[in-house]
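First comes the structure, then the notes that go with it.
Numbering starts at 1 and runs along the sequence shown. Reckoned from all heavy atoms, side chains included, excluding hydrogens, waters and symmetry mates.
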Amino acid sequence: MGGRVAGSPNVDRPNEQLVRGDSAMLKGVLAVLRSATVGSLRQPTLAKFGKQMSEATADKLTNSIAKWVAVDCRPISIVEDEGLKEAFQIASSDSNFQLPSRTTVMKRIHQLYCDERTRKEDLLAGACHVALTGDHWTSVSNHIYLGVTAHLIDVGWKLKSFALNASKTVTRHYADACAEQFDAVTKEWEIENKVTTIGTDSARHIVAAARQLPFEHIPCAAHMLQRTITVCLEDGSFDTALAKCRKIVGHFKHSPTSMEVLHLQQTLLGQAREPLVQDVSTRWISTHSMISQYLRNHEAVNATLATEKHKLAALTNLECDRLQKLEFVLEPCKYVTELLGGESYVSCSVLLPALCHLNRVMDPTDEDLAYMIKFKTTFKKEIDSHMANINKRWLKVATALDPRFKDLRSIHRKERDEVWTWIEEMLRGSKAEPAAPQPTEDEPAAKKSLLLLSSDSDSDSDKEEQGPLARYKAEPRIGMHECPLEWWAAHAGAYEQLSSLARKYLATPATSVPCERLFSLSGNIIQKKRAALHSDNVNKLVCLSNWLKDT
């Protein structure tokens with residue numbers, strides 16, 4: 001045997017002389033040798049004794065991967081990518097690190113969904129009033145899904161908006177079936193007695209379904225504005241100019257050579273290199289963007305068209321002037337659309353002031369030409385027809401409870417007394433015990449003048465005698481860019497019953513955009529390569545991604 005430990009066939013009987021020479025080293029070698037079979041003895045590598053990730057860190061990393069897959073709509077199979085595995089091994093300095101399996105990630109996602117759902121259920125359980133938005137969506141696999149979002153104001157006066165449902169439906173779009181689907185969602189989340197409003201688009205089956213539900217229906221203001229401007233653009237005043245503009249933009253979009261020449265002309269004229277944008281018929285604001293970019297680059301466009309051999313005719317000065325007027329008159333509509341459809345908090349209390357502003361903008365002037373008068377007249381007529389079908393009472397009360405608009409300038413002077421009477425009746429009905437009746441309010445015109453003055457100039461004793469509603473009306477308005485929820489958070493103690501009404505009415509969104517945004521998220525999950533996802537997994541992934549993005 002001698003000292004040949006590694007090559008000895010009898011490894012269980014080491015040389016006693018070696019043991020006495022360096023027993024500590026030999027014990028380590030023998031431990032490695034005993035752990036292997038005689039036929040597979042090999043020298044251990046450095047990686048065997050290198051840095052290894054702890055179990056706690058590996059568990060956190062697995063949770064992080066599951067959250068990443070859910071939030072960013074990644075396919076589960078991404079954990080099998082060799083490149084991702086190598087990247088994690090380099091980042092962790094552990095060459096033996098293995099990514100969690102697909103089964104493990106799915107289990108963590110299901111657990112994450114259950115945890116987040118429990119938090120949402122607790123949030124809904126503590127809320128007194130919940131507003132909904134809902135609509136249907138068709139996936140790439142031709143399956144119909146119902147999307148529902150919830151909106152509430154919590155005890156800290158923070159608006160909470162999150163998805164409740166993105167489930168597959170098998171019934172056709174009939175009003176009865178839609179009403180049953182919405183009712184099933186409210187029962188599943190146990191909020192059927194807390195729902196105040198449901199916001200939808202103007203589809204006939206959805207509107208008919210909303211009438212069957214015991215909730216107030218709020219039509220989507222963004223859809224209403226879209227339909228109004230679409231009718232105005234189809235009225236014939238701008239057909240020729242818009243058709244020529246679309247044709248020119250389409251030529252540059254489908255001709256890379258022409259686009260390169262256009263960029264060269266833009267550089268020569270000292271303009272920014274920007275492509276022309278083709279409009280989409282279902283989004284009027286894209287037509288406004290197409291007009292704006294064409295007018296900014298019409299000199300470069302005309303110079304490019306002059307160098308090419310084709311039959312395209314450039315817009316005349318008269319047609320460019322007509323498009324400029326159209327761009328100018330649509331600018332306020334663009335502002336309102338971006339305001340109502342923004343991701344920030346937009347309450348339904350903004351709707352009446354915004355539409356009132358558009359009505360003033362669309363008043364014809366003496367300088368307007370005949371086609372502009374026709375456009376503005378059609379716009380006002382269409383808006384009035386849509387306003388006849390909205391829930392005016394709910395919107396008026398919400399406007400009055402918003403400290404930015406409580407002077408009710410967006411409501412006709414003759415209707416303002418009626419709004420405050422509604423609120424006073426609701427306050428009386430919400431009192432737990434009888435109280436002295438509140439006196440009739442003064443003329444709104446006189447009160448409106450007080451709102452523009454400092455609250456110090458009013459008599460405190462008079463305000464106390466008139467009650468909390470009169471004191472609220474005498475409070476100075478806040479700025480347009482201030483948050484009404486922050487104002488109510490600071491004044492809720494002084495107006496306990498009014499603040500409860502404000503939490504109820506201001507939680508209703510002005511549009512169904514939150515639900516539409518949920519469909520955009522669904523489109524990122526149900527792709528062509530993931531069209532076979534089970535409907536239950538789709539519901540969990542869509543809701544979980546929506547919940548985690550808001551945290």
State, without any angle test, whether [X] and [Y] hold a side-chain donor-acceptor pair at a distance under 3.5 Å.
X: Tyr495; Y: Glu475; answer: yes
X: His412; Y: Glu418; answer: no
X: His288; Y: Ser286; answer: no
X: Thr230; Y: Gln226; answer: yes
X: Ser512; Y: Thr200; answer: no
X: Glu216; Y: Thr196; answer: no

Are [X] and [Y] ion-paired here, with the side-chain N under 4.0 Å from a carboxylate O?
X: Asp363; Y: Lys380; answer: yes
X: Glu382; Y: Arg227; answer: no
X: Lys406; Y: Asp402; answer: no

| task | Give a yes or no answer on whether the side chain of Lys194 reaches the backbone of Ala127 with a donor-acceptor pair at less than 3.5 Å. | result |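 Yes.
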| message | If you count every heavy atom of other residues, nucleotides or ligands that lies below 6.0 Å from Asn142 atom CG, does the total exceed 12? | response |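 Not buried by this count: 12 neighbours or fewer within 6.0 Å.
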| message | I'd like to know whether CD of Gln271 has more than 12 heavy-atom contacts from other residues, nucleotides or ligands below 6.0 angstrom. | response |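 Yes.
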| field | Cation-pi check, Arg322 onto Tyr371 ring (under 6.0 Å, within 45° of axis) | value |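 Judged by the rule, Arg322 and Tyr371 form a cation-pi pair.
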| field | Arg503 charged N/C atom sitting above Trp488 aromatic ring, 6.0 Å / 45° | value |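 No, a cation-pi geometry is absent between Arg503 and Trp488.
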| message | Can you tell me how far apart CZ (Phe238) and CE (Met372) are? Round to the nearest 0.5 Å. | response |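 Those atoms lie 5.0 Å apart.
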| said: side chain to side chain contact (heavy atoms under 4.5 Å, CB included) for His251 and Met259? Distances and angles first, verdict last. | reply: CA-CA 9 Å; His251 166 73; Met259 185 62 72; over 6 Å; no
